[in-house]
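Written out below as structure tokens is the structure these notes cover.
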Amino acid sequence: MVRVEFLGPIQKEPLELDIKNLNELAEVLKSDNEMQKWLENSAVAVNDMLVSSRDIELREGDRVAILPPVCGG
Amino acid sequence: MVRVEFLGPIQKEPLELDIKNLNELAEVLKSDNEMQKWLENSAVAVNDMLVSSRDIELREGDRVAILPPVCGG
Amino acid sequence: MPSILKEWYEQEANSNYGAYIPFVGTVRDEDDIEGLSFDIYEPILNSWFKAWQARAKEKGAVIKMAHSKGDVMLHESSYIAAVFSPKRRVALEFIDEFVEDFKASAPIWKYDLKNGKRVYALDRSTALEGSGILK
Amino acid sequence: MPSILKEWYEQEANSNYGAYIPFVGTVRDEDDIEGLSFDIYEPILNSWFKAWQARAKEKGAVIKMAHSKGDVMLHESSYIAAVFSPKRRVALEFIDEFVEDFKASAPIWKYDLKNGKRVYALDRSTALEGSGILK
């Protein structure tokens with residue numbers, strides 16, 4: 001299983017998903033109405049490393065984080 | 001009379017000169033051996049305003065300052 | 001003044017740095033807010049900051065940072081950073097680059113506190129690099 | 001830490017500035033010096049600084065400055081400046097421009113203290129704009 005966490009203002013509980021890559025994650029999240037608005041402006045981290053493409057295989061135990069727009073300071 | 005002061009590292013007592021402009025001041029200072037090395041890299045203030053050309057008339061009571069290279073901080 | 005500025009200064013008192021430039025960000029009274037509130041995702045913030053510490057070290061400099069979590073009221077400081085460097089030019093450039101990248105890259109989310117509620121400051125927020133890959 | 005940084009901060013505590021950036025210049029231990037020493041010509045320094053205060057005001061900012069006269073020993077601070085501004089971008093640019101112009105334009109002369117003597121730091125000094133008109 002892969003754990004997916006939603007950070008900051010995204011009001012959504014973590015998911016435990018049986019997925020093999022970020023393409024499969026995209027399909028799951030696109031079907032979620034409340035997530036659609038966040039997909040456009042959110043970044044993705046796999047095991048706390050930001051990734052720049054969907055071309056990432058996921059393994060058992062990986063953690064994915066969804067990061068909406070930031071504003072520190 | 002015009003008072004001429006030498007600032008910072010220029011080891012020279014102030015002068016009281018009977019001069020009408022900065023051209024006359026230049027002539028006086030050029031004839032001073034210890035001043036020659038400073039003329040090239042020093043700026044000039046008249047009544048505490050830096051001037052950018054010699055084209056300045058001086059009046060009775062004016063104060064001229066000679067400012068060698070600076071290094072604050 | 002935030003006491004951490006003094007602590008940092010004392011930590012480096014014998015390090016022979018010629019320039020010390022702190023940056024202090026304070027919550028302004030504007031738009032009728034009561035304050036700001038922040039969420040921080042520390043694992044990514046820490047690795048981002050470690051990369052900046054390595055960049056500082058390459059230049060013979062040191063960078064320090066502190067950020068508030070949760071609520072910060074008006075006129076309180078929410079964010080403090082500082083660079084120490086042998087030379088002023090490095091320090092001036094470094095604090096600018098660091099603070100700008102902090103705004104663009106640090107995984108921190110800001111909320112206005114209005115009528116006791118947290119309102120996500122979407123219009124002042126910046127999408128992280130690589131955002132949108134799942135859309 | 002120089003206590004004047006705290007004083008300045010407290011002076012502006014209720015001014016609603018969002019960014020506070022001090023610059024602290026400290027005497028480094030190098031070239032076997034015992035310290036530095038400074039001469040200042042205050043009338044021109046003051047008018048130069050007033051012009052910068054006016055520039056700061058135009059941008060809604062405030063600039064403060066203090067510089068030592070006479071001897072400053074190793075690891076002591078000789079020069080402190082600070083900018084307060086509503087916005088960070090103005091503050092970051094202003095402190096950089098101010099400190100650089102200070103180096104190039106402030107009527108201050110620096111001496112190394114070596115073996116108890118003052119040695120003018122000509123090689124680190126900058127001729128003021130308009131220098132050489134009498135040569």
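Computed over heavy atoms, backbone and side chain alike; hydrogens, waters and symmetry mates excluded. In the text below, chain A, chain B and the rest are named by the order of the sequence lines, each starting its count at 1.
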Is [X] in contact with chain B via its backbone, its side chain, both, or neither, using a 4.5 Å heavy-atom distance?
X         : value
Ala81(D)  : neither
Leu45(D)  : neither
Tyr111(D) : side chain

Does [X], at its [atom1] atom, have more than 12 non-hydrogen atoms belonging to other residues, nucleotides or ligands within less than 6.0 Å?
X         : atom1 : value
Glu34(B)  : CD    : yes
Glu129(D) : CD    : no
Asp123(D) : CG    : yes
Lys114(D) : NZ    : yes
Met73(D)  : CE    : yes
Lys59(D)  : NZ    : no
Glu13(B)  : CD    : no
Lys30(B)  : NZ    : yes

Query raised in the report: Do Asp48(B) and Ile44(D) have side chains that get closer than 4.5 Å, going by heavy atoms?
Result: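 Yes; the side chains approach each other to less than 4.5 Å.
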
Query raised in the report: Would a 4.5 Å heavy-atom cut-off, applied to side chains only, mark Ile66(B) and Leu134(D) as touching?
Result: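 Ile66(B) reaches Leu134(D) side chain to side chain.
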
Taking all heavy atoms of [X] and all of [Y], pick out the closest pair and write down the distance.
X         : Y         : value
Trp109(D) : Pro69(B)  : CD1-O, 3.0 Å
Ala43(B)  : Ser131(D) : N-OG, 3.3 Å
Lys135(D) : Arg54(B)  : O-NH2, 3.0 Å
Pro107(D) : Leu67(B)  : CB-CD2, 3.9 Å

Report task. Could you list the residues that satisfy side chain to side chain donor-acceptor pair (under 3.5 Å) with Asn16(D), not counting sequence neighbours? Result ->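 With sequence neighbours excluded, Asn16(D) shows a side chain to side chain donor-acceptor pair (under 3.5 Å) to no residue whatsoever.
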
Report summary line: Between the CD1 atom in Ile108(D) and the CG atom in Leu7(B), the distance rounded to the nearest 0.5 Å is 12.5 Å

**Report entry** Top of Asp39(D), Ile80(D), Thr126(D) for chain B proximity - count of heavy-atom pairs under 4.5 angstrom
**Finding:** Thr126(D)

Query - Per-residue contact mode, Leu29(B) against chain D (heavy atom under 4.5 angstrom) - result: side chain

Query - Under 3.5 Å donor-acceptor, Lys103(D) side chain and Gly72(B) backbone - result: yes

